[in-house]
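Below: the structure, in C-alpha cells.
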Amino acid sequence: MSILQGFEMVNPAAPAGKSILTITPRYIRFNKNSVLELGSPRFVQILTNPHSKQIAVKACSAGDANAIEFVKPAKKTASVTLNMPIVMDTVLKFFDFPEVADDEVAYAHLHGNPFIDDKTIIFDVASKKTGVMKKRGRKKQKRTEEPAQAI
C-alpha cells in the first residue's frame with residue numbers, strides 16, 4: 001500500500017475559480033476561467049435554450065456552422081468580450097435591465113457549469129446576480145473655459 005493512495009495530483013495549469021459570464025446591454029464578457037475551461041478556442045458557438053433560459057458556449061472549429069471568433073491567434077487573452085448584434089439580440093431577450101445614470105451600467109453575472117470533456121459551459125439565467133457599476137474607460141472631458149474670442 002502506497003502512502004499516497006487516494007491522493008490526486010494538483011495541476012497548476014488547470015483553471016481555478018468559477019466561470020462567469022457578465023452581460024450588459026452593450027456586451028457580454030466571458031471571464032478568464034471561462035476561456036481557460038473551454039481551452040482558449042479560436043472559435044465558439046453560442047447556443048440559447050429559451051425554455052430553460054440557459055446560454056451555452058461550445059468550442060468549435062472555423063468550418064462549423066455559426067462559428068464565432070473567440071480568442072484571436074497569437075494573443076494572450078484574459079477574458080473575451082463579444083458585442084456582435086445577433087449575439088446581443090439573442091442573449092438580451094433573457095434580461096430586463098433597469099434605466100441607469102449616464103455614468104453607470106446595469107449588469108448581470110451568471111455562473112457557469114463547465115463540461116470540460118465537451119469543451120462546453122452552460123450558464124443558467126435563473127441563477128443571475130444583477131447590479132449596477134460605474135462605467136469604465138475614458139471619461140468625457142467637460143469644458144470649463146469659455147472659448148477665446150477673435151479680435
Side-chain angles (χ1 to χ4, degrees), residues 1-140:
M1 175 184 236
S2 170
I3 61 170
L4 296 178
Q5 184 175 349
F7 284 84
E8 294 179 8
M9 195 174 302
V10 174
N11 181 355
K18 298 182 188 240
S19 295
I20 297 176
L21 174 60
T22 301
I23 300 170
T24 74
R26 296 184 56 205
Y27 63 84
I28 64 173
R29 178 172 292 139
F30 297 89
N31 73 342
K32 181 178 181 178
N33 285 328
S34 298
V35 175
L36 293 174
E37 285 179 338
L38 290 169
S40 299
R42 174 91 195 271
F43 294 94
V44 297
Q45 294 170 321
I46 307 284
L47 303 98
T48 60
N49 184 332
H51 304 294
S52 64
K53 293 194 175 181
Q54 292 178 311
I55 301 165
V57 60
K58 179 182 186 332
C60 68
S61 63
D64 290 341
N66 303 314
I68 297 170
E69 188 173 28
F70 197 64
V71 175
K72 300 199 184 317
K75 189 172 185 184
K76 289 280 188 186
T77 301
S79 64
V80 172
T81 302
L82 299 176
N83 59 5
M84 296 172 60
I86 190 68
V87 173
M88 294 306 301
D89 290 346
T90 303
V91 169
L92 288 176
K93 289 178 184 175
F94 296 132
F95 301 91
D96 186 25
F97 290 109
E99 292 291 323
V100 295
D102 287 343
D103 64 338
E104 296 178 329
V105 177
Y107 69 88
H109 283 302
L110 307 177
H111 288 273
N113 188 12
F115 297 89
I116 304 298
D117 293 340
D118 295 323
K119 293 194 182 243
T120 301
I121 302 173
I122 298 176
F123 299 91
D124 192 355
V125 175
S127 67
K128 72 182 179 213
K129 304 255 190 286
T130 59
V132 175
M133 63 183 163
K134 291 287 186 186
K135 279 187 181 176
R136 296 180 182 171
R138 296 177 60 180
K139 305 287 186 223
K140 291 183 181 177

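Just so we're clear, the structure is a prediction, and the values are computed from it rather than from any experiment.
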Please report the shortest heavy-atom distance between [X] and [Y], naming the atom on each side.
X: S61; Y: A67; value: O-CB, 3.6 Å
X: Q45; Y: A65; value: NE2-O, 2.7 Å
X: P41; Y: F70; value: O-CB, 3.6 Å
X: Y107; Y: T24; value: CB-CG2, 4.0 Å
X: F94; Y: Q54; value: CE1-O, 4.1 Å
X: F123; Y: S19; value: CE2-O, 4.0 Å

Is there a side chain to side chain contact (heavy atoms under 4.5 Å, CB included) between F30 and V44 once you walk through the steps? CA-CA 12 Å; F30 297 89; V44 297; over 6 Å; no
In Å, rounded to the nearest 0.5 Å, how long is the span from [atom1] of [X] to [atom2] of [Y]?
X: I122; Y: N113; atom1: CD1; atom2: CG; value: 6.5 Å
X: M88; Y: I23; atom1: CE; atom2: CD1; value: 7.5 Å
X: T22; Y: L110; atom1: OG1; atom2: CG; value: 8.0 Å
X: N33; Y: S79; atom1: CG; atom2: OG; value: 11.0 Å
X: K58; Y: I121; atom1: NZ; atom2: CD1; value: 12.5 Å
X: K72; Y: R42; atom1: NZ; atom2: CZ; value: 8.0 Å

Using the side chain to side chain contact (heavy atoms under 4.5 Å, CB included) rule, take I46 and N66 through it: C-alpha gap first, then chi angles, then the decisive distance, then the call. CA-CA 8 Å; I46 307 284; N66 303 314; over 6 Å; no
Is there a side chain to side chain contact (heavy atoms under 4.5 Å, CB included) between V71 and V80? Walk through the geometry before answering. CA-CA 7 Å; V71 175; V80 172; 4.1 Å; yes
Note, F95 side chain near T130 side chain (heavy atom, < 4.5 Å):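 They are not in contact (no side-chain heavy atoms under 4.5 Å apart), so the answer is no.
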Which residue pairs pass the side chain to side chain donor-acceptor pair (under 3.5 Å) test with at least one member in residues 83-99, sequence neighbours excluded?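 For residues 83-99: none.
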So, does D124 use its side chain to make a donor-acceptor pair with the main chain of S127 at under 3.5 Å?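 It does not hold such a pair.
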Would you check if the side chain of N31 reaches a backbone N or O of K18 as a donor-acceptor pair within less than 3.5 Å?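 Flag set: sc N31 to bb K18 pair under 3.5 Å.
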Test: K135 and E104 ion pair at under 4.0 Å: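 No, K135 and E104 are not salt-bridged.
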For side chain to side chain contact (heavy atoms under 4.5 Å, CB included), just list the numbers for V105 and V100, CA-CA rounded to whole Å, side-chain angles, deciding distance to a tenth of an Å, and then say yes or no. CA-CA 7 Å; V105 177; V100 295; 5.6 Å; no
